[in-house]
Amino acid sequence: MSFNKGQLFKLYEFAVENVSVGIHAVDAEGRTVLYNQKMKEIEGFDVDDISDRSILELFAFRSNDSALMRVLKTGIKEMNVKQTYWNKYGHEITTINDTYPIFDGENLIGAIEFARDITSLEKLIYQPLRRYGEPLTFDVITAISEPMQIVKENAKKAAHARIPVLLIGEPGTGKDLIAEGIHHELNPKNDEYVTLFSRRPNQIERLKTYLKQEKTYTFFFERLEFYSLEEQKELLDILKSLPPEKHMVIGSVGGDPIDLISSHQLLKDLYYYFASMSISIPALRARKEDIRPFVDDYFSRHRERFNSNIRGLSEDVLEMFLAYDWPGNLKELELLLDEISSMITNEKYVTYEMLPLHFRFKLQQQNEKIKKPDFFLLHPNKELLPLNEYLKEAEKYYLHHALKMNDGNITKTAQALGMTRQNLQYRLRKWK
């Protein structure tokens, strides 16, 4: 049996709509002409949403950031390109794309992209201890300092009163943790907790989409000052129209709101809307007694998840952590622990040698007392070394340290450093 054109079209249509990869095709102007069901699941758009709009408008791409737009410009296919961006609902997604130019004879008439969604895989690999679906209540938050006890008490009061809340604090202080804690403290409970990220596109439209549902929401508006003033006005109008006590509304800013208002970054009336309950979250440097319980909880989760032997920090490393100022706050500490934990094998305690190179430099720059002269090459009683000499010494230290970590095994060390065995041996011979 042979297929006629109509039957072949049905066959192709079925294949496109049921294949497990997203398919997005555009014409020579970048307008969508094909957008399958899987791509809709990944990005959240309907064909009607995007048919008359360019990719750049939809995703706030620069033209060079979109593989489809690059291929339209160059006419050259791009294979296995990883791309991270935000979908219609403001969720960060990661895809691996194969993108091809489409020619009619010698004329470039469009481009087509096949996208494999690897968002969940990315999170599993790079964020192994992140919470997925685990309720983050105030009991889970490990902070023991007096300032943070006050923060939690005030946050609970706001939850019980169900009034708008403004969280104030430097980036990385844990405003998102407090916001989620408020959500789980509500009684009666809201159906869903939603974060709206001000630096991602289409957040106001995303809010409107949620408000069309019958559910009750806790909305966390992250960094209000990054919305444009026009968006802030629109947001304020929406918030004022909400039914009293149906939704819980939480906002956050990264600095003094009065300063933000005076610098025209924050709308005064929007601040007044949230100002009935303002909670300032102190920087980690002002509550260093919270470091140890956070670290202990982190490694407790690591033992539970990976059946590891790690117990915590060695005493000298703990002293270094307590002496460091943590300009990135709790988030910097968490990311550092992520990096350290990726190297853990059978160790019971994190020692100085396990600290990442970049963090050791930060320690050196901040505090003369915690310098290790066998590692840091800038001694207080010496002039700066010539750059070439410094780089040679740094390379020498790093390679010997790598050898030590691999028990002197040349082959394993070379593999870990991404070089050939012969190259490593050559570099080691230079110093003998």
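Worth knowing before you read on, the calculation uses all heavy atoms, side chains too, and leaves out hydrogens, waters and symmetry mates. FYI, the numbering just counts along the sequence from 1. Keep in mind that what you see is a predicted model, and the values were worked out from it rather than measured.
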Note, I178 side chain near I141 side chain (heavy atom, < 4.5 Å): yes
Exam field: side chain E222 to backbone K175, donor-acceptor pair closer than 3.5 Å: no
Side chain R287, main chain E146, donor-acceptor under 3.5 Å: no
Backbone of I281 reached by a side-chain donor or acceptor of E170 within 3.5 Å: no
H302 and F299 aromatic ring geometry - parallel, tilted or perpendicular at 30°/60° bounds: perpendicular
Worked verdict on T137 versus D139 for side-chain hydrogen bond (donor to acceptor under 3.5 Å, both in side chains): CA-CA 5 Å; T137 65; D139 292 335; 4.5 Å; no
Backbone N/O of R223 and side chain of S198: donor-acceptor pair under 3.5 Å: yes
Exceeds 12 heavy-atom contacts within 6.0 angstrom, atom CG of D237: yes
Carboxylate-amine/guanidinium proximity below 4.0 Å for R301 and E304: no
Residue pair L355, I340: steps toward the side-chain contact (heavy atoms from CB on, under 4.5 Å) verdict: CA-CA 7 Å; L355 298 179; I340 292 171; 3.9 Å; yes
Test log, rule side-chain contact (heavy atoms from CB on, under 4.5 Å), inputs F306 and I344: CA-CA 10 Å; F306 299 106; I344 289 174; over 6 Å; no
Test item: W326 side-chain N/O and A283 main-chain N/O as donor-acceptor pair under 3.5 Å: no
Approximate separation, where rounding is to 0.5 Å, of F220 CZ and L167 CG: 6.0 Å
L211 CG to H247 NE2 distance, which is reported to the nearest 0.5 Å: 5.0 Å
Intermediate values then yes/no, side-chain hydrogen bond (donor to acceptor under 3.5 Å, both in side chains), Q203 and Y227: CA-CA 9 Å; Q203 294 300 284; Y227 288 102; 4.9 Å; no
Whether over 12 other heavy atoms sit under 6.0 Å from M343 CE: no
Backbone N/O of V26 and side chain of T32: donor-acceptor pair under 3.5 Å: no
Check: N329 side chain, P171 main-chain N or O, donor-acceptor pair, under 3.5 Å: yes
Cationic N near anionic O, under 4.0 Å, E41 to K38: yes
Rounded distance (nearest 0.5 Å) linking atom CG of L336 with atom CZ of F321: 4.5 Å
Under-4.0 Å salt bridge between D269 and K233: no
Option passing side-chain contact (heavy atoms from CB on, under 4.5 Å) with Y324 (candidates R285, E319, E332): E332
Within 6.0 angstrom of K268 NZ, more than 12 heavy atoms from elsewhere: no
Inter-residue atom distance I410.CD1 - T420.OG1, 0.5 Å rounding: 11.5 Å
K348 atom NZ, over 12 foreign heavy atoms within 6.0 Å: no
Interatomic spacing from CG in L270 to NZ in K240 - rounded to 0.5 Å: 9.5 Å
Polar side-chain atom of N309 near backbone of E347 as donor-acceptor pair, under 3.5 Å: no
Heavy atoms of other groups near K10 NZ, more than 12 under 6.0 Å: no
Exam field: side chain E225 to backbone G254, donor-acceptor pair closer than 3.5 Å: yes
Separation of D296 CG from L313 CG (nearest 0.5 Å): 7.5 Å
Over 12 non-hydrogen atoms of neighbours within 6.0 angstrom of NE2 in H264: no
Y352 side chain to R360 backbone, donor-acceptor under 3.5 Å: no
Residues E205 and K208 bridged, charged N to O under 4.0 Å: yes
side-chain contact (heavy atoms from CB on, under 4.5 Å) between R70 and V81, intermediate numbers included: CA-CA 12 Å; R70 286 197 304 270; V81 175; 3.9 Å; yes
Ring geometry between Y210 and Y217 (parallel below 30°, tilted from 30 to 60°, perpendicular above 60°): perpendicular
Option from M248, H184, E192 for which side-chain contact (heavy atoms from CB on, under 4.5 Å) with T218 holds: M248
Test side-chain contact (heavy atoms from CB on, under 4.5 Å) applied to L177 and L330, step by step: CA-CA 11 Å; L177 308 184; L330 199 64; 3.9 Å; yes
